[in-house]
Protein chains: 2
Amino acid sequence: MEQQTERRMTRHRQVILDEIRKSTGHPTASEVYEMVRKSLPRISLGTVYRNLQILSESGILRTLETGGSKRRFDWNLSGHNHILCVRCGRVDDVGYDLKPDVEETIGSICGYKVTGYLLAFKGLCPKCRNMR
Amino acid sequence: MEQQTERRMTRHRQVILDEIRKSTGHPTASEVYEMVRKSLPRISLGTVYRNLQILSESGILRTLETGGSKRRFDWNLSGHNHILCVRCGRVDDVGYDLKPDVEETIGSICGYKVTGYLLAFKGLCPKCRNMR
DNA sequence: TTACATGCAAAATGTTTGCAAAATC
DNA sequence: GATTTTGCAAACATTTTGCATGTAA
């Protein structure tokens, strides 16, 4: 029997969450760190990482996988996908979902029990596509 | 004007490529390193990384993005996607493609010039789904 | 004989962890 | 007061890089 540890909504945790919710993009851990440092100058990067993990595990945040090397975080929990600018790294939301029966279809092809999928588009964002 | 550097197919490079082509899975850099070390005991990890990058840039290998933390390599260049076992890390091929006009559709929604997408499934592989 | 390739080790990058002190319930 | 959270710094995992030496055309 696993004992669920109690989680406290500390000021640090709340500020981290607020900053992500305020952000329009999908910040990385170090971007969150920089944002949060304005109101909590003595916070450490480790604390940011720990809180991002806790908030993700609690289902309050979503951890993005867009194929880049850095992890990004999203406050928007609804089912949606992302598009990554290959030039500047910006990430936006896009609403595009596979057919609902994809998981069964794929499962029957390869023998896996499919639990989800990762769909991320790549391209040039509006700003970068107009740059030469 | 960019000068394309000449590439030589050295023994090291050839052995790395052969080992990946022999492999059934989708090895990571350190797995390739271990495989190659059997015939080239003095090869260094750095050389493996450099050659994997060169082979990928040349279009001889494909670099996989499955959302995990490690990069994997694939000799199969045909358009196909991957499925990752969340328990043991195994990666298999699956043939599933989005509609050919997805890129235009997505582009017109979000203003990006879409150049590609990353689609990877997740689940439990046949072995792991039968484990308790 | 001039590039390109290699081994080695150090550096860079992104993330996690151990621990004593501090904050929270 | 017991337990969680924090700051700090060190550890960690993966990948990249600098440089002197080696090798192939």
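All values below were derived from every heavy atom in this structure, side-chain atoms included, with hydrogens, water molecules and symmetry-related copies excluded.
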With the criterion being N/O to N/O and under 3.5 Å, what pairs connect the protein with nucleotides 23-25 of chain D, and how long is each?
none

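Here the side chain of B:R21 pairs no donor or acceptor atom with the backbone of B:W75 at under 3.5 angstrom. A distance-only check finds a donor-acceptor pair linking the side chain of A:R129 to the backbone of B:G111 [under 3.5 Å]. A donor-acceptor distance shorter than 3.5 angstrom exists from the side chain of A:Y117 to the backbone of A:L98, with no hydrogens or angles considered.
Comment: B:E65 engages A:K122 in a salt bridge, judged by a side-chain N to carboxylate O separation of less than 4.0 angstrom. Remark: A:D92 engages A:R90 in a salt bridge, criterion side-chain N to carboxylate O under 4.0 Å.
Applying a 4.0 Å cut-off to non-hydrogen atoms, the residues of residues 31-45 of chain B that approach DNA chain C are B:R42, B:I43, B:S44, listed by residue number. Against DNA chain C, the stretch residues 50-64 of chain B makes heavy-atom approaches under 4.0 Å through B:R50, B:N51.
Atom OG1 in B:T63 sits 12.0 Å away from atom NE2 in B:H26 (nearest 0.5 Å).
Regarding B:R11, its CZ atom lies at a distance of 19 Å from the P atom of D:dG22, rounded to whole Å.
The closest side-chain heavy-atom distance from B:D74 to B:H82 is below 4.5 Å.
Shown here for A:T115 and B:G123, the closest heavy-atom pair between the two residues is OG1-CA, 3.5 Å. Contact detail for A:L84 and A:V91: the closest heavy-atom pair is CD1-CG2, 3.6 Å.
Distances shorter than 4.0 Å separate none of the side-chain N or O atoms of A:R72 from OP1 or OP2 on C:dG14. When the side-chain nitrogen and oxygen atoms of B:H12 are compared with OP1 and OP2 of C:dG7, one or more of them lie within a distance under 4.0 Å. Contact check, B:Y49 against D:dT15: a side-chain N or O comes under 4.0 Å of OP1 or OP2. The phosphate of C:dT24 has neither OP1 nor OP2 within less than 4.0 Å of any side-chain N or O from A:R7.
Residue-to-nucleotide proximity on DNA chain D shows that, of B:K70 and B:G46, the 5′-proximal contact is made by B:K70.
Between B:H80 and B:R62, the side chains place a donor N or O and an acceptor N or O closer than 3.5 Å (distance only, hydrogens not considered).
Checked against B:L119 for a side-chain contact (heavy atoms from CB on, under 4.5 Å), the options B:D97, B:N81, B:V94 give a single hit: B:N81.
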